[in-house]
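Read the structure below first, then the notes.
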Amino acid sequence: MLRNGNPRPLQWADKTMSVMRADLLEACEKDLAGLPSHCLFDPDCSDVDAETFYEFSFFAEEDHRAAGGRPEPVLHTVEGLRSRVLHQYAQEAALLSVEEHDLLIRTVLFGGRTPLTDWNELLPARGLSRRLWCRVEGEGASSTLVMPRQLCASALLLLASDSYKKVRELVEQVHENIDNTLYLLGAVQAAGPVHHMESLLKDTFVADRRDLFERFLLVGYDYVYDRSGKLLLIHPGLAEPERMMDYACANLDPAALSSASDSVGDLESPLYEQMLSLLLDVTRPEITPEDAVEDLIILAKQEVPYADMEAILSSMLICQVTPEMRRALREISNRVPRWLTLGTSRVQ
């Protein structure tokens, strides 16, 4: 989802990954609340709603880009939008983001309705809504994703096909590669993953669907546009993406990426476990111990000063920071690899 706003004037306590995630989900909830109470494929949907659906959909953004920013005025109709959705439904379903795909399977198996039990599911629900497949009923903890019967039936047939399963296996490879890259470097130019998808999927039924490859990225990852207007995928904990725009790579060799990821995991896992053991049962109700430790590690990757990290740690707790916590935090601050160079910090 697009990262809006300039967080630089904020204190680091307001730029942790958990805080930024909450802000993003709140914006997502507002987007969904502004949609019509029915879906494009519901019987009571009429042409009066067509423009609202179109403007919220991916079609509006893609048509605008394809026309060089000056699309011809078009009167959209419900039937026209339905035709566009159904024409590429099989390809689009195969290229859903990982979270969208998981939510789709659950929705289909539940007969077209599934409760959104986790606030994080609002993002894939928004993605499926922007594809004009679904709608969201209710708000907050009572939200439900609803998918029309005809799309559910088509999805069931697709999920069982070998060609679909082959594409999903390759898409999972791309997702893992992007996830590892973002964790190691903080940001990556979208052109690299798009090229990777084009190469892997060239002999499948989704070949040459660059528009759908980009949808996969726009739904599945946080992103911004760099100074030249190019898409930049960013780690959800990266607070100041503009600092990375001149350093973001296009891609990394998968073998080198896997090796680097394993090395960083071996280094960070003991630091994570040590701090986690100290924070169990002492974090504030709104943050889990796991999220607290992850926030601190991601802050260290961004060269946040130790004093700020200690203040943030203190704000997460229902008790005073102990000497053991300070030692564990100092270890995180000193030893966690930084995003720009993958080097470790200097001892402070």
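Index from 1, following the sequence.
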Tabulate below the donor-acceptor pairs under 3.5 Å that side-chain atoms of residues 273-280 make, not counting sequence neighbours, or state none.
residue : atom : partner : partner atom : Å
Ser277  : OG   : Gln274  : O            : 2.7

Between the side chains of Arg338 and Gln302, does any donor sit under 3.5 Å from an acceptor?
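Result is no, nothing qualifies.
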Under 3.5 Å, is there a donor-acceptor pair between the Tyr306 and Asn334 side chains?
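The answer is no; no qualifying pair exists.
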Distance from [X] atom [atom1] to [Y] atom [atom2], nearest 0.5 Å?
{"X": "His235", "Y": "Leu184", "atom1": "NE2", "atom2": "CG", "value": "9.5 Å"}
{"X": "Glu29", "Y": "Ser143", "atom1": "CD", "atom2": "OG", "value": "6.0 Å"}
{"X": "Leu313", "Y": "Asp308", "atom1": "CG", "atom2": "CG", "value": "12.5 Å"}
{"X": "Glu242", "Y": "Leu232", "atom1": "CD", "atom2": "CG", "value": "11.0 Å"}
{"X": "Leu299", "Y": "Met17", "atom1": "CG", "atom2": "CE", "value": "9.0 Å"}
{"X": "Phe58", "Y": "Leu218", "atom1": "CZ", "atom2": "CG", "value": "6.0 Å"}

Nearest heavy-atom pair of [X] and [Y]: which atoms, and what distance?
{"X": "Gly186", "Y": "Met244", "answer": "CA-CE, 4.0 Å"}
{"X": "Met147", "Y": "Leu151", "answer": "CE-CB, 3.7 Å"}
{"X": "Phe56", "Y": "Asp31", "answer": "CE1-CB, 4.1 Å"}
{"X": "Cys152", "Y": "Val108", "answer": "O-CG1, 3.9 Å"}
{"X": "Leu170", "Y": "Leu200", "answer": "CD1-O, 3.4 Å"}
{"X": "Thr288", "Y": "Thr283", "answer": "C-OG1, 4.0 Å"}

Any residue meeting side chain to side chain donor-acceptor pair (under 3.5 Å) with Ser228, in chain and number order, not counting sequence neighbours:
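Applying side chain to side chain donor-acceptor pair (under 3.5 Å) to Ser228 gives Asp226.
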If we ignore hydrogens and angles and just use 3.5 Å, is the side chain of [X] paired with the main-chain N or O of [Y] as donor and acceptor?
{"X": "Glu121", "Y": "Thr117", "value": "yes"}
{"X": "Ser315", "Y": "Ile312", "value": "yes"}
{"X": "Trp339", "Y": "Ala187", "value": "no"}
{"X": "Ser161", "Y": "Leu158", "value": "yes"}

What residues form a side chain to side chain contact (heavy atoms under 4.5 Å, CB included) with [X], not counting sequence neighbours?
{"X": "Thr322", "result": "Glu324, Met325"}
{"X": "Asp44", "result": "His38, Asp42"}
{"X": "Thr77", "result": "Asp47, Glu79"}
{"X": "Glu99", "result": "Ser97, Pro124, His175"}

What I'd like to find out is whether the side chain of [X] reaches to under 4.5 Å of the side chain of [Y], using heavy atoms alone.
{"X": "Ser259", "Y": "Asp262", "result": "no"}
{"X": "Leu296", "Y": "Tyr272", "result": "no"}
{"X": "Phe213", "Y": "Pro193", "result": "no"}
{"X": "Leu128", "Y": "Leu96", "result": "yes"}
{"X": "Ser129", "Y": "Leu35", "result": "yes"}
{"X": "Ser57", "Y": "Arg130", "result": "no"}
{"X": "Leu40", "Y": "Val85", "result": "yes"}
{"X": "Leu201", "Y": "Val174", "result": "no"}

Take atom CD in Gln88; do more than 12 heavy atoms of anything else shown fall under 6.0 Å from it?
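More than 12 heavy atoms, drawn from other residues, nucleotides or ligands, come within 6.0 Å of this atom.
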Kindly check if the number of other-residue, nucleotide or ligand heavy atoms within 6.0 Å of CG (Leu157) is above 12?
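Atom CG in Leu157 is packed in, count exceeds 12.
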Please list all pairs passing the ring-ring contact (aromatic ring centres under 6.0 Å, His included) test where one or both residues lie in residues 146-170, with sequence neighbours left out.
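Output for this query lists His101-Tyr164.
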Give every donor-acceptor pair under 3.5 Å between a side-chain atom in residues 20-28 and any protein atom, sequence neighbours left out.
residue : atom : partner : partner atom : Å
Arg21   : NE   : Asn120  : OD1          : 3.2

Test Thr114 against Arg106 for side-chain hydrogen bond (donor to acceptor under 3.5 Å, both in side chains), laying out the working first.
CA-CA 7 Å; Thr114 186; Arg106 198 174 82 209; 2.9 Å; yes
Go through the steps for Phe53 and His76 under the test side-chain contact (heavy atoms from CB on, under 4.5 Å), then give the verdict.
CA-CA 9 Å; Phe53 281 119; His76 297 97; over 6 Å; no
CA sep, side-chain torsions, deciding dist, call: Glu137, Arg135, side-chain contact (heavy atoms from CB on, under 4.5 Å):
CA-CA 7 Å; Glu137 288 182 351; Arg135 61 183 170 88; 2.8 Å; yes
Can you list the steps and then say if Tyr54 with Asp49 is a side-chain contact (heavy atoms from CB on, under 4.5 Å)?
CA-CA 9 Å; Tyr54 175 77; Asp49 305 307; over 6 Å; no
Trp133/Tyr89 aromatic ring centres below 6.0 Å:
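Under 6.0 Å, so yes.
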Stepwise, does the salt bridge (Lys or Arg N to Asp or Glu O under 4.0 Å) test hold for Glu214 with Arg210?
CA-CA 6 Å; Glu214 291 184 353; Arg210 188 182 183 92; 3.6 Å; yes
Evaluate the criterion salt bridge (Lys or Arg N to Asp or Glu O under 4.0 Å) for residue pair Asp63 and Arg84; output intermediate values, then yes/no.
CA-CA 12 Å; Asp63 291 349; Arg84 288 186 74 173; 3.1 Å; yes
Scan [range] for pairs that pass salt bridge (charged side-chain N to carboxylate O under 4.0 Å, His left out), counting only residues two or more places apart or in two chains.
{"range": "residues 87-96", "answer": "Glu92-Arg131, Glu92-Arg215"}
{"range": "residues 285-295", "answer": "none"}
{"range": "residues 149-175", "answer": "none"}

Only counting residues at least two apart or in another chain, list the ones meeting salt bridge (charged side-chain N to carboxylate O under 4.0 Å, His left out) with Glu51.
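Glu51 satisfies salt bridge (charged side-chain N to carboxylate O under 4.0 Å, His left out) with no other residue.
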Pairing of Lys202 and Glu198 as salt bridge, 4.0 angstrom limit:
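The answer is no: the pair does not qualify as a salt bridge.
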Please work out whether the ring planes of Phe216 and Tyr221 are parallel, tilted or perpendicular, with thresholds of 30° and 60°.
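Because their plane-to-plane angle is over 60°, the rings of Phe216 and Tyr221 count as perpendicular.
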Start with the C-alpha distance between Arg284 and Met316, add both sets of side-chain angles, then the distance that settles side-chain contact (heavy atoms from CB on, under 4.5 Å), and finish with yes or no.
CA-CA 6 Å; Arg284 296 183 182 277; Met316 295 172 170; 5.7 Å; no
